[in-house]
**Q** 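Mind looking over this structure? Questions follow.
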Amino acid sequence: MAGKRAAELPRKTYEKELLRLQTELVKMQEWVRATGARLVVVFEGRDAAGKGGTIKRVTEHLNPRVARIAALPKPTERQRTQWYFQRYVEHLPAAGEIVLFDRSWYNRAGVEHVMGFCTKEEHQLFLRQCPIFERMLVEAGVLLRKYWFSVSDTEQQERFRKRLEDPLRRWKLSPMDLESITHWEAYSRAKDEMLVHTDISEAPWFTVESDDKRRARLNMIAHLLSSVPYTEVPPQVLELPERPPSTGYQRTPRDLQSYVPDHAATL
């Protein structure tokens, strides 16, 4: 979406469509589970671009045993000596699983490159190997989807400000997040170079305009659903059984148990 920003999507419209899309996500999950498909969804973008909030809406009604989030911490000293992609391979899905990467192997193309956490040689090696790695995943039958969340500099700064002022969200900010403000153009150049090398036909990048979080969430989820060839799987027929008659069980006296205080009664 270029040019003038569209009006913010009304909350009621957003919530109604989000519920519909989440219902479809549950159907897609059941198809993945039933067919043994393997789905990987990569979420990338600048800090405060809306990746985490979108992931939260995607997984809100999904089974965590089927759909899990991979948000890896910084590598250990041992992992630093491994092949770069090795620790990400450990988190790839088995049959019937969905993995959503909240940041991924593309750390090397972004923050590691810009902040000097890897050498120029390591960065160039990543750009050469990444398309090969992703082609191998796709050839092995993995459904790989890659989304870049694009946020403007003014919107990012406003989101940073709100996080600083909100004690419930301040944990989302780190000194490195704030430092990214002073490296805006460097991150832009890194992203452009990354796209040149890794926007491949087998695993293309899809950009999500995310200045409006509601639109971004709906657009990303709708696109994901449209790109996966899922079909509705008939649910297993379940019937609630009759409760059997009592056999004389007597509940333990309540005064022998420790209860949580009724905080709600004080409100």
Side-chain angles (χ1 to χ4, degrees), residues 37-47 49-52 54-55 68-95 97-151 156 174 176-177 179-180 182-210 220 223-224 227-228:
R38 292 169 292 166
L39 174 61
V40 171
V41 188
V42 169
F43 292 78
E44 289 289 345
R46 296 180 187 271
D47 298 313
K51 302 179 296 296
T54 304
I55 291 172
R68 53 187 169 83
I69 301 168
L72 277 60
K74 65 180 183 180
T76 64
E77 288 303 314
R78 180 175 183 275
Q79 288 172 332
R80 291 179 190 276
T81 67
Q82 296 175 340
W83 177 49
Y84 176 72
F85 294 94
Q86 190 167 334
R87 73 186 189 118
Y88 294 100
V89 170
E90 296 176 1
H91 296 271
L92 292 174
E97 294 180 349
I98 302 169
V99 177
L100 297 89
F101 279 93
D102 185 354
R103 294 199 181 279
S104 64
W105 45 89
Y106 283 99
N107 276 340
R108 177 136 295 178
V111 63
E112 289 190 17
H113 172 51
V114 173
M115 302 306 294
F117 297 152
C118 69
T119 66
K120 291 181 179 179
E121 292 74 19
E122 288 172 331
H123 175 241
Q124 290 301 310
L125 180 62
F126 169 83
L127 293 179
R128 290 198 303 272
Q129 289 188 342
C130 184
I132 300 171
F133 172 66
E134 293 182 349
R135 287 189 180 102
M136 290 173 64
L137 294 181
V138 174
E139 288 174 1
V142 173
L143 300 172
L144 177 59
R145 303 293 181 267
K146 304 185 306 192
Y147 293 97
W148 177 269
F149 283 71
S150 178
V151 64
Q156 183 195 51
S174 70
M176 191 174 298
D177 294 335
E179 192 174 349
S180 68
T182 64
H183 293 82
W184 181 270
E185 289 191 1
Y187 274 108
S188 296
R189 293 189 187 97
K191 180 205 71 173
D192 292 343
E193 186 175 10
M194 176 194 79
L195 291 177
V196 167
H197 289 83
T198 64
D199 187 20
I200 58 177
S201 60
E202 297 89 344
W205 277 103
F206 294 98
T207 299
V208 181
E209 293 286 356
S210 62
M220 180 269 150
H223 181 273
L224 174 64
S227 74
V228 176

**Q** List the atom of Thr54, the atom of Phe43, and the distance in Å for their closest heavy-atom pair.
**A**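 Closest approach of Thr54 to Phe43, heavy atoms only: CG2-CE2, 4.1 Å.
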**Q** When you compare the side chain of Glu134 with that of Glu202, does any pair of heavy atoms fall below 4.5 Å?
**A**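 When only atoms from C-beta onward are counted, Glu134 and Glu202 do not touch, as no gap falls below 4.5 Å.
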**Q** Compare every heavy atom of Gln79 with every heavy atom of Pro75, then report the nearest pair and how far apart it is.
**A**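 In terms of heavy atoms, the two residues are closest at CA-OE1, 3.2 Å.
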**Q** Measure up the Tyr147 and Phe206 rings against each other and bin them: parallel (under 30°), tilted (30 to 60°), perpendicular (over 60°).
**A**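 Tyr147 vs Phe206 ring planes: tilted.
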**Q** For residues Asp177 and Ser180, is any side-chain donor paired with an opposing acceptor at under 3.5 Å?
**A**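 Looking only at side-chain atoms, Ser180 and Asp177 do not form any donor-acceptor pair under 3.5 Å.
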**Q** Nearest 0.5 Å, what's the CD-NE2 distance between Glu122 and His113?
**A**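 Nearest 0.5 Å value for the CD-NE2 distance: 12.0 Å.
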**Q** For Trp83 and Gln129, test the side chains for any donor-to-acceptor distance below 3.5 angstrom and give the result as yes or no.
**A**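 Distance-only check passes for Trp83 and Gln129.
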**Q** Taking all non-hydrogen atoms of both residues, which atom of Ala109 and which atom of Met194 are closest, and how far apart?
**A**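 Scanning both residues, the minimum pair turns out to be CB-CG, 3.8 Å.
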**Q** Counting only heavy atoms not in Met115, do more than 12 fall under 6.0 Å of its CE?
**A**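 Yes, CE of Met115 has more than 12 neighbouring heavy atoms, counting only those of other groups under 6.0 Å.
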**Q** Can you tell me if Arg46 uses its side chain to pair, donor with acceptor, with the backbone of Tyr187 under 3.5 Å?
**A**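 Looks like no, no N/O pair under 3.5 Å.
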**Q** NZ/Lys146 to OG1/Thr207 distance, rounded to the nearest 0.5 angstrom?
**A**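 One gets 11.0 Å once the value is rounded to the nearest 0.5 Å.
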**Q** Would the distance check show the side chain of Arg145 and the main-chain N or O of Ser227 forming a donor-acceptor pair, the cut-off being under 3.5 Å?
**A**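 Answer holds: yes.
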**Q** For Tyr84, what residues pass the ring pair (Phe, Tyr, Trp, His ring centres under 6.0 Å) criterion, not counting sequence neighbours?
**A**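 Tyr84: ring pair (Phe, Tyr, Trp, His ring centres under 6.0 Å) contacts with Tyr88, Phe126.
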**Q** Drop me the distance from Arg87's CZ to Glu90's CD, to the nearest 0.5 angstrom.
**A**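 One finds 9.5 Å between CZ of Arg87 and CD of Glu90.
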**Q** If you define the side chain from C-beta out and look only at heavy atoms, does anything of Trp148 sit under 4.5 Å from Val42?
**A**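 The answer is no, as the side chains (C-beta and beyond) never meet within the 4.5 Å cut-off.
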**Q** Once rounded to the nearest 0.5 Å, what's the spacing between atom OG of Ser150 and atom NZ of Lys191?
**A**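 One gets 5.5 Å once the value is rounded to the nearest 0.5 Å.
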**Q** Between atom CD1 of Ile55 and atom CG of Asp102, what is the distance when rounded to the nearest 0.5 Å?
**A**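 Rounded to the nearest 0.5 Å, the CD1-CG separation comes out at 4.0 Å.
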**Q** Flag the pair Leu137 / Val40 as yes when at least one side-chain heavy-atom distance between them is below 4.5 Å, and no otherwise.
**A**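 In short, these two side chains do not touch, never coming nearer than 4.5 Å.
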**Q** Taking it one step at a time, do His123 and Lys120 satisfy side chain to side chain contact (heavy atoms under 4.5 Å, CB included)?
**A** CA-CA 5 Å; His123 175 241; Lys120 291 181 179 179; 5.6 Å; no
**Q** Does the ring center of Trp205 lie less than 6.0 Å from the ring center of Tyr106?
**A**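 Yes, close enough.
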**Q** Considering only heavy atoms from C-beta outward, does the side chain of Arg189 approach that of Glu193 to under 4.5 Å?
**A**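 In short, these two side chains do not touch, never coming nearer than 4.5 Å.
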**Q** Check this for me, if you would: do Glu139 and Arg135 make a salt bridge, where the nitrogen-to-carboxylate-oxygen distance has to be below 4.0 angstrom?
**A**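 A salt bridge is absent here (no side-chain N lies under 4.0 Å from a carboxylate O).
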**Q** Hey, mind stepping through Val142 and Leu92 against side chain to side chain contact (heavy atoms under 4.5 Å, CB included) and telling me if it holds?
**A** CA-CA 9 Å; Val142 173; Leu92 292 174; 5.8 Å; no
**Q** Less than 4.5 Å apart, side chain to side chain, heavy atoms only: is that true for Phe117 and Lys74?
**A**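 Sidechains of Lys74 and Phe117: no contact.
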**Q** Does Glu44 reach the main-chain N or O of Ser104 with its side chain, forming a donor-acceptor pair under 3.5 Å?
**A**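 Yes; at least one donor-acceptor contact below 3.5 Å.
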**Q** Would you find a donor on one side and an acceptor on the other, under 3.5 Å apart, between the side chain of Lys51 and the backbone of Arg103?
**A**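 Checked: no pair found.
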**Q** Check ring pair (Phe, Tyr, Trp, His ring centres under 6.0 Å) between His91 and all other residues, then give those that pass, not counting sequence neighbours.
**A**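 His91 satisfies ring pair (Phe, Tyr, Trp, His ring centres under 6.0 Å) with no residue once adjacent residues are dropped.
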**Q** At what distance, to the nearest 0.5 angstrom, does SG of Cys130 lie from CZ of Arg108?
**A**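 One gets 11.5 Å once the value is rounded to the nearest 0.5 Å.
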**Q** For salt bridge (Lys or Arg N to Asp or Glu O under 4.0 Å), just list the numbers for Arg80 and Glu77, CA-CA rounded to whole Å, side-chain angles, deciding distance to a tenth of an Å, and then say yes or no.
**A** CA-CA 5 Å; Arg80 291 179 190 276; Glu77 288 303 314; 3.4 Å; yes
**Q** For the residue pair Leu224 and Met220, establish whether any side-chain heavy-atom pair is separated by less than 4.5 Å.
**A**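 In contact.
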**Q** Identify the two heavy atoms, one from Pro93 and one from Arg68, that lie closest to each other, and give their separation to 0.1 Å.
**A**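 Closest heavy-atom pair between Pro93 and Arg68: CA-NH2, 3.9 Å.
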